[in-house]
Amino acid sequence: QVQVVESGGGFVQAGGALRLSCAASRSILDFNNMGWYRQAPGKQREMVAFITSGGSPNYADSVKGRFTISRDNAKNTVYLQMNSLKPEDTAIYSCRARLYSGNWRDYWGQGTQVTVSS
């Protein structure tokens, strides 16, 4: 079965930076796309960034210019570099891998907490 595991969350001051990692149990090139989502308490989950199988990145307007999604195919890993962090970025960040193998299937990681203090 497919597994994805996030890491890299933590506590940071406003204006600081963190890099999140999402490691998959198989080649990330097998997935149609991989993305990062976040959910803060009392708020709905939102897309932060995703990268297509062709390597094209996409970002939510709120993080454009601050966050960068990238991948290392040899390590089966997708990264989210988060710079100029703001308190409103505080949330649980989850990685989702989308795969078509006869049926569309989504695989979610366990989530990693990001907390940005003022």
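Index from 1, following the sequence.
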| task | Drop me the distance from Trp36's CH2 to Arg96's CZ, to the nearest 0.5 angstrom. | result | 13.0 Å

| Exam field: side chain Tyr79 to backbone Thr68, donor-acceptor pair closer than 3.5 Å | no

| note | The reported gap from OH in Tyr59 to CE in Met47 (rounded to nearest 0.5 angstrom) is 10.5 Å

| For the atom pair OG (Ser27) and CG (Asn73), what is the distance rounded to the nearest 0.5 Å? | 6.5 Å

| Shared hydrophobic cluster for Val12 and Val63 (ILVMFWY, side-chain gaps under 4.5 Å) | yes

| said: For Val5, is there any backbone N or O sitting under 3.5 Å from a side-chain donor or acceptor partner on Gln110? | reply: no

| task | Heavy atoms only: give me the nearest Asn83-Ala17 pair and the separation to one decimal. | result | OD1-CB, 3.3 Å

| task | Go through Val2 and Arg105 one step at a time and tell me if the side-chain contact (heavy atoms from CB on, under 4.5 Å) criterion holds. | result | CA-CA 10 Å; Val2 175; Arg105 296 181 179 180; over 6 Å; no

| Common cluster, Val78/Leu18, ILVMFWY with side-chain heavy-atom separation under 4.5 Å | yes

| query | How many angstroms lie between CZ in Arg38 and CD1 in Ile92, if you round to the nearest 0.5 Å? | reply | 13.0 Å

| said: So does Val116 get a backbone contact from the side chain of Thr90, meaning a donor-acceptor N/O pair under 3.5 Å? | reply: yes

| field | Lys64/Asp61 ion pair, N-O < 4.0 Å | value | yes

| request: Take Leu85 and Phe67 through the side-chain contact (heavy atoms from CB on, under 4.5 Å) test and state the conclusion after the steps. | output: CA-CA 9 Å; Leu85 283 162; Phe67 291 10; 3.8 Å; yes

| field | Side-chain donor/acceptor of Asp89 to backbone N/O of Val114, under 3.5 Å | value | no

| Distance (rounded to the nearest 0.5 Å) between Asn33 CG and Tyr100 OH | 15.0 Å

| Shared hydrophobic cluster for Tyr93 and Ile28 (ILVMFWY, side-chain gaps under 4.5 Å) | yes

| message | I need the minimum non-hydrogen distance between Ala91 and Ala40, along with the two atoms involved. | response | CB-N, 3.9 Å

| request: Enter the distance from Ser53:OG to Leu99:CG here, rounded to the nearest 0.5 Å. | output: 11.0 Å

| task | Heavy atoms only: give me the nearest Thr77-Ser21 pair and the separation to one decimal. | result | CG2-CB, 4.2 Å

| Counting N and O atoms only, with roles assigned by atom type, does the side chain of Glu6 sit under 3.5 Å from a partner on the main chain of Cys22, one being a donor and the other an acceptor? | no

| message | Using every non-hydrogen atom in the two residues, find where Ile69 and Ile51 come nearest and quote the distance to one decimal. | response | CD1-N, 3.9 Å

| request: Compare every heavy atom of Met34 with every heavy atom of Cys95, then report the nearest pair and how far apart it is. | output: SG-CE, 4.0 Å

| request: Please name the pair of heavy atoms, one in Gln13 and one in Ser118, separated by the smallest distance, quoted to 0.1 Å. | output: OE1-O, 3.5 Å

